[in-house]
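Have a look at the structure below before the remarks.
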Amino acid sequence: QVQVVESGGGLVQTGGSLRLSCVASGRTFSIRPAGWFRQAPGNEREFVAAISLSGGHTDYADSVNGRFTISRDSAKNTVYLQMNSLKPDDTAVYYCAAGPIVDREYVHSREYEYDYWGQGTQVTVSS
């Protein structure tokens, strides 16, 4: 069982930056791929970024590519999402997710590929 807790959300002006953190309990987080998703009011949850278990492979949604960076520190059981050049369209609840235990460098961009989800952290970008 893995519990995932996000933090780091808040209110920021357009062009600003935030860094989200995702801390997971359990010894297996370091051998699971991880990802970030977001859900804006009235919209479905969408993929933002994903990272493989070693951190050597990443994937991004087109809307955030070049502005957001996903990384992980396995010693701290933590995955980060560095968000730069934020726009009002980035306003959403951001969710961290952990995938199944794997032995390969997978990156997952679909919700059904993840087993464990956090409660989310709100990011609001003012214009």
Side-chain angles (χ1 to χ4, degrees):
Q1 190 77 5
V2 176
Q3 290 185 325
V4 176
V5 179
E6 306 95 335
S7 63
L11 174 64
V12 64
Q13 291 185 335
T14 296
S17 298
L18 283 174
R19 188 176 80 156
L20 305 183
S21 297
C22 169
V23 179
S25 64
R27 299 179 180 180
T28 64
F29 189 58
S30 63
I31 53 175
R32 299 176 182 268
W36 288 94
F37 290 75
R38 67 186 181 186
Q39 186 169 20
N43 291 354
E44 295 186 351
R45 190 155 56 184
E46 64 177 8
F47 168 73
V48 175
I51 191 165
S52 64
L53 59 92
S54 77
H57 293 78
T58 58
D59 189 21
Y60 297 93
D62 290 343
S63 58
V64 307
N65 198 20
R67 300 187 297 122
F68 290 11
T69 302
I70 188 170
S71 62
R72 70 190 304 164
D73 184 336
S74 294
K76 296 182 178 180
N77 262 12
T78 303
V79 172
Y80 303 98
L81 185 67
Q82 178 66 44
M83 306 186 296
N84 299 329
S85 302
L86 283 162
K87 308 173 182 179
D89 285 349
D90 295 318
T91 295
V93 177
Y94 283 71
Y95 298 91
C96 179
I101 294 174
V102 295
D103 60 358
R104 298 182 181 183
E105 291 289 285
Y106 292 116
V107 286
H108 298 313
S109 61
R110 297 175 177 83
E111 290 189 50
Y112 69 82
E113 294 175 304
Y114 288 90
D115 295 336
Y116 301 99
W117 293 82
Q119 294 299 308
T121 185
Q122 176 71 47
V123 172
T124 303
V125 184
S126 63
S127 58

Item to complete: Would you kindly say whether Gln82 and Ser71 are connected by a side-chain donor-acceptor distance under 3.5 Å?
Response: no
message: Test your reading of the model: is there a side-chain donor-acceptor pair from Gln13 to the backbone of Ser126, 3.5 Å cut-off?
response: no
When rounded to the nearest 0.5 Å, the distance separating CZ of Arg72 from SG of Cys22 is 9.0 Å
Which of Gln39, Arg38, Gln119 passes side chain to side chain contact (heavy atoms under 4.5 Å, CB included) with Tyr95? Answer is Gln39
Distance col, row Trp117:CH2 vs Glu111:CD, nearest 0.5 angstrom, shows 4.5 Å
Could you check whether any side-chain N or O of Asp73 sits under 3.5 Å from a backbone N or O of Thr78, counting only pairs where one atom can act as donor and the other as acceptor? no
- Query: So, do Met83 and Leu20 sit near enough that their side-chain heavy atoms are less than 4.5 Å apart?
  - Reply: yes
All heavy atoms of Ala98 vs all of Phe29, minimum pair found to be CB-CE1, 3.7 Å
For Ala92 and Ala40, the nearest pair of non-hydrogen atoms, with its separation, is CB-N, 3.8 Å
Aromatic ring pairing Phe47/Phe37, orientation class (parallel under 30°, perpendicular over 60°, tilted between):
perpendicular
Do the side chains of Leu18 and Phe68 get nearer than 4.5 Å, heavy atoms only? no
Worksheet entry | Sidechain-backbone polar pair: Thr91 side chain, Val125 backbone, donor-acceptor under 3.5 Å | yes
Separation between NE2 (His57) and OG (Ser52), nearest 0.5 Å, reads 6.0 Å
* Can you tell if the side chain of Thr28 reaches within under 4.5 Å of the side chain of Val2, non-hydrogen atoms only? -> yes
Are Leu53 and Tyr114 connected into the same hydrophobic cluster when the rule is that any two of I, L, V, M, F, W, Y join if their side-chain heavy atoms are below 4.5 Å apart?
no
For Ser54 and Gly56 the tightest heavy-atom approach is OG-N, 3.0 Å
Of all heavy-atom pairs linking Ser109 and Glu113, the shortest is N-OE1, 3.2 Å
What one should report as the nearest heavy-atom pair of Pro88 and Ser127 is CG-CB, 3.9 Å
- Message: Just so I know, are the side chains of Val79 and Ile70 near enough to count as touching, which here means a heavy-atom distance under 4.5 Å?
- Response: yes
d(Ile31 CD1, Ile101 CD1) to nearest 0.5 Å is 4.5 Å
request  = Establish, for the pair Arg67 and Tyr60, whether the NZ or CZ atom is under 6.0 angstrom from the six-membered ring centre and no further than 45 degrees off its axis.
outcome  = no
Is it the case that one hydrophobic cluster holds both Val93 and Leu81, taking links as side-chain heavy atoms less than 4.5 Å apart, direct or via other members? no
message = Looking at Gln3, I want to see if its CD is surrounded by more than 12 non-hydrogen atoms of other residues, nucleotides or ligands under 6.0 Å.
response = no
Do side-chain atoms of Thr121 reach the backbone of Gly9 as a donor and acceptor pair under 3.5 angstrom? yes
Tell me, do Val102 and Pro33 make a side-chain contact under 4.5 Å, heavy atoms counted? yes
message: Classify the ring geometry of His108 against Tyr106: parallel below 30°, tilted from 30° to 60°, perpendicular beyond 60°.
response: parallel
Taken to the nearest 0.5 Å, the spacing of Arg19 CZ from Thr69 OG1 works out to 11.5 Å
